[in-house]
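Just so we're on the same page: letters track the sequence lines, and every chain starts at 1.
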There are 2 protein chains.
Amino acid sequence: MKFSTRAGYGLRAMVNLAKNHPRRKNLQEISKEEGMSLKYLEQLFRILKKNNLVVSRKGRVGGYVLAKNPKFIRAGEIIEIMDGPIAPMECAGGRCDMKCSCASSVVWIKLRQQIKKTLYGIKLSELI
Amino acid sequence: MKFSTRAGYGLRAMVNLAKNHPRRKNLQEISKEEGMSLKYLEQLFRILKKNNLVVSRKGRVGGYVLAKNPKFIRAGEIIEIMDGPIAPMECAGGRCDMKCSCASSVVWIKLRQQIKKTLYGIKLSELI
DNA sequence: AGAATACCTACTAAAATAGTAGGATTAATA
DNA sequence: TATTAATCCTACTATTTTAGTAGGTATTCT
C-alpha cells in the first residue's frame with residue numbers, strides 16, 4: 001500500500017508555496033529548495049493548476065500562487081488530485097461486482113472513510 | 001492509492017475459512033465459492049501459511065484451517081502480510097532522507113497511524 | 001496402485017510509475 | 001525590438017509492480 005511519489009511531491013510543493021503565501025514564486029526556486037527536477041515540477045503544476053489549486057503567471061516575472069488561503073486547502077484535496085480518488089480497493093469505490101454479499105468489503109469501505117476523514121482533516125495552513 | 005488485489009483476495013479467502021472454522025477446507029472449494037483461480041490461491045496460501053495464519057494438511061483429505069480463533073486474527077495482520085507493511089509514503093515507514101525538516105511528512109505519519117488503527121481494530125470474527 | 005491434495009519454482013503479459021526531452025508561448029526588460 | 005526568463009504542452013521511455021499462468025513434485029488417504 002503506497003501513495004504515489006507524485007502525491008508526495010505535490011504536497012511538498014504546495015507546502016512550500018503556502019509558506020510563501022500570498023507572494024508569487026517560480027518553479028526554479030521551488031526546484032532548488034525541494035531538490036526536485038524542474039521539468040517534473042512543471043508537470044505537477046499543470047495538474048495543480050488544472051484543478052484550481054494554484055494560479056499562474058507567465059513570462060519574465062512569472063510563477064505560481066495558491067489559489068486560496070492555505071486555511072481553506074486540505075491535504076486530502078491535493079492528494080486526491082495528484083493520486084486519483086481515494087479507494088483502497090475497487091469495491092470501496094462504489095460498486096462491488098460480487099454476487100455474494102462480500103463480507104470483506106466492509107473493511108475497505110470503513111478504511112476509505114477513515115483515510116478521507118484523516119486527510120481532509122488536515123489543512124495546508126497547519127503544515128507551515 | 002490502492003491496496004493490491006492480492007490483499008483483497010487474501011482477506012476474502014480468510015473470511016471464507018473463518019466461516020468454516022475450525023473445520024478443514026480445501027482450496028478447490030474455496031476456489032469455486034470465491035471464483036478465484038486454484039493456482040493463484042495456492043500461491044496466496046503459501047504466504048499465509050509461512051506467516052502462521054493458517055495450518056495445512058497434505059494428501060487425500062488435506063486442506064487448510066485457521067491457525068487461531070478468528071477472534072484473535074485482525075484484518076490488519078492479513079493485509080500487511082499480503083501487501084507488505086502499511087506505509088503510505090517512504091518517510092512514514094521510519095526514515096526520511098530529507099535534510100530539511102519536511103513538514104508534509106506529518107501527514108503521512110498521521111495517516112499511517114490511522115490506517116493501522118482502523119485495520120487492526122477489525123477482527124476476522126466480525127466479518128463472518 | 002491410484003487419486004486428490006498441498007507444495008514449489010519459474011516464467012510472462014500488461015499496467016502503472018516516475019520521470020526525461022524538446023520545444024512553443026508569453027511577458028517583462030534592456 | 002531583441003533578449004531572456006518564466007510557464008505551458010506533447011510525446012516518449014525505462015523501470016518496476018502486479019496479477020496471474022504453467023508445469024511439475026511430494027504427501028497421504030483409500
- Side-chain donor-acceptor pair under 3.5 Å between A:Ser125 and A:Lys71, yes or no? no

- Separation of atom CE in B:Met82 from atom P in D:dG20, rounded to whole Å: 12 Å

- Which listed nucleotide (C:dA6, C:dA28, C:dA3) is nearest to the side chain of B:Lys58? C:dA6

- Message: Please enumerate all residues that pass salt bridge (charged side-chain N to carboxylate O under 4.0 Å, His left out) together with A:Glu42, with sequence neighbours excluded.
- Response: A:Lys39

- Task: Return yes if a side-chain donor-acceptor contact under 3.5 Å exists between B:Glu80 and B:Tyr120, otherwise no.
- Result: yes

- Tell me which nucleotide among D:dT10, C:dA6, D:dC8 gets nearest to the side chain of A:Gln43. D:dT10

- Item | Whole-Å distance separating the CZ atom of A:Arg24 from the P atom of D:dT7 | 10 Å

- Message: Without decimals, in angstroms, what is the distance between B:Leu41 CG and D:dA19 P?
- Response: 15 Å

- Task: State which of C:dC7, D:dT4, C:dT20 makes the closest approach to the side chain of B:Arg46.
- Result: C:dC7

- Message: Looking at B:Lys25 and B:Glu33, is there a salt bridge between them, counting it only when a charged N and a carboxylate O are closer than 4.0 Å?
- Response: yes

- Query: At their closest point, which heavy atom of A:Thr118 faces which heavy atom of B:Gln114, and how far apart are they?
  - Reply: OG1-CG, 3.3 Å

- Message: Can you tell me if B:Ser56 touches the phosphate of C:dC7, counting only side-chain N or O atoms and a distance under 4.0 Å to OP1 or OP2?
- Response: yes

- Item | DNA chain C: 5'-proximal contact among A:Glu42 and A:Phe3 (nearest heavy atom) | A:Phe3

- Rounded to whole Å, NZ of B:Lys49 lies from C1' of C:dC8 at a distance of 12 Å

- Relative to the 5' end of DNA chain D, which residue comes earlier, B:Gly59 or A:Leu27, by the nucleotide with the nearest heavy atom? A:Leu27

- Interatomic distance, A:Asn26 CG vs C:dA28 P [rounded to whole Å]: 15 Å

- Message: With a cut-off of less than 4.0 Å, is there a side-chain N or O of B:Ser37 near OP1 or OP2 of D:dT21?
- Response: yes

- Rounded to the nearest Å, what distance is computed from the CZ atom of residue A:Arg60 to the P atom of nucleotide C:dA30? 7 Å

- Sugar-phosphate only, base, or nothing, as touched by B:Gln28 at under 4.0 Å among non-hydrogen atoms: sugar-phosphate

- Rounded to whole Å, the NZ-P distance (B:Lys39 to C:dA10) equals 15 Å

- Report yes if a side-chain nitrogen or oxygen of A:Tyr9 is closer than 4.0 Å to either non-bridging phosphate oxygen (OP1 or OP2) of C:dA18; otherwise report no. no

- Task: Name the orientation class of the two ring planes belonging to B:Phe3 and A:Trp108 (parallel below 30°, tilted from 30 to 60°, perpendicular beyond 60°).
- Result: tilted

- So what does B:Phe45 hit on the nucleic acid, given a heavy-atom distance under 4.0 Å: a base, only sugar-phosphate, or nothing? nothing

- Task: Check every atom of D:dT21, C:dA27, C:dT20 against the side chain of A:Arg57 and return the nucleotide holding the closest atom.
- Result: C:dA27

- Quickly work out the A:Lys2 NZ to D:dT16 C1' distance and round it to whole Å. 11 Å

- Within the structure, does a side-chain N or O atom of A:Thr5 lie under 4.0 Å from either OP1 or OP2 of C:dA18? yes

- Message: So, OP1 or OP2 of D:dC8: does either fall under 4.0 Å of a side-chain N or O from A:Tyr64?
- Response: yes

